[in-house]
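Shown next, in structure tokens, is the structure this report addresses.
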Amino acid sequence: MKILVVGGAGYIGSHMVKQLALSNNEVITLDNLSCGYKDAVKYGELVIGDLGDNNVLNQLFNQHKFDAVMHFAAFIEVGESVINPGKYYHNNVCNTQVLLDAMVKYDIKHFIFSSTAAIFGEPQYTPINEAHPQNPINPYGRTKLMVEHMLEDYDTAYGLKSTCLRYFNAAGADPDGELGERHNPESHLVPLILQAASGRRADIKIFGQDYPTEDGTCVRDYVHINDLCEAHSLALAKMQKTGSSARYNLGNGKGFSVQQVIDTSKKVSGKDFNVVITDRRAGDPAVLVADSTLARDELNWSPKFDQLETIIETAWQWEMNFFAQ
Ligand code: UFG
């Protein structure tokens, strides 16, 4: 297949590009490099351009007949989305619509969308399945939900088939050591802890130790990047076979607390580092765990890196290889 990966120079996109290319697909990455890195695109062609730029899209779609488009090019910082919502609505919603309209114009029928657990907002129950009410509590989550709604309407009106994959906490790195997580600024727990372990950061701060959880720290569902990518490939195959749109929650179904992630990271890295307890971060639910039964049943998805230790090992290998001084 020929697949356009929008945002293929970012963390999840670059792993996806690799997996698709190694499964004999022809992959083209479109990325404006605002958050991604040129050297993260190890496979296929990289086109530097914006997903909201009609000229770039026209050129790409005239030149190639894509079987599908995968979209990873969203801004993802919850805190920033509260301070600067315009940036989020513009890129995550408006630019995505430009992309979808171009797909309609060029009759490309299959779209895989990176959605998020943030569309559910404060959990009313856990684990969170697809039937959970959708009530995002920040602009980031709202932009993702808006696109999910847009996709429903584009299916009804234009027959554009889509699969929305709601990631819980993507973590870990390419087990070959070729790719990893490189956000700037970094805000995610696992890379921040490993920066503390490698000495690139003075400490790791725990945002709140007074949550109603076993050890008082927040619980999240960490799912390995390769498992997430695998779900995309399975979802695309399924969508092409059935001709139906779908939505799946993707996680391991197991929650780990911030404290457990820190303890496991100390064990995996063999390093001790400073841990500082600070106030809660605004907008953090106590527990976010996925019920991925639907993805397991319908896609035959079965995460292979379901141990926190293995997930952290791959991330640590990346931290050691890539950032070694
Ligand atoms: N945390 C700390 N210290 C840090 C960083 C994070 O204690 O320095 C805690 C957070 O408070 C949270 C947990 O670690 O409890 C995980 O935080 P992340 O920032 O790594 O991830 P989130 O759960 O906040 O966010 C993830 C995705 C978002 C998505 C969200 C869905 O990264 O894109 O899940 O709710 F929106």
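Heads up: numbering here begins at 1 and tracks the sequence. Each ligand, and each atom within it, is numbered from 1 in the order the structure gives. The structure displayed is predicted, hence computed values, not measured ones.
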Within the 6.0 Å centroid threshold, strictly below: His232 and Tyr248
no
Check the surroundings of atom NZ in Lys2: do more than 12 heavy atoms from other residues, nucleotides or ligands lie under 6.0 Å from it?
yes
Glu309 backbone acceptor or donor facing Gln307 side chain under 3.5 Å
no
Please enumerate all residues that pass ring-ring contact (aromatic ring centres under 6.0 Å, His included) together with Phe305, with sequence neighbours excluded.
His224
Near ligand 1, at a heavy-atom separation below 4.0 Å: residues by chain and residue number
Ile76, Val78, Thr116, Ala117, Ala118, Tyr140, Asn169, Ser187, His188, Leu189, Leu192, Ile204, Lys205, Ile206, Phe207, Cys218, Arg220, Tyr222, Val258, Arg281, Asp284, Leu288
Kindly assign one of parallel, tilted or perpendicular to the pair Tyr106 and Phe61, based on the angle between their ring planes and the thresholds 30° and 60°.
tilted
So does Lys65 have more than 12 non-hydrogen atoms from other groups sitting under 6.0 Å from NZ?
yes
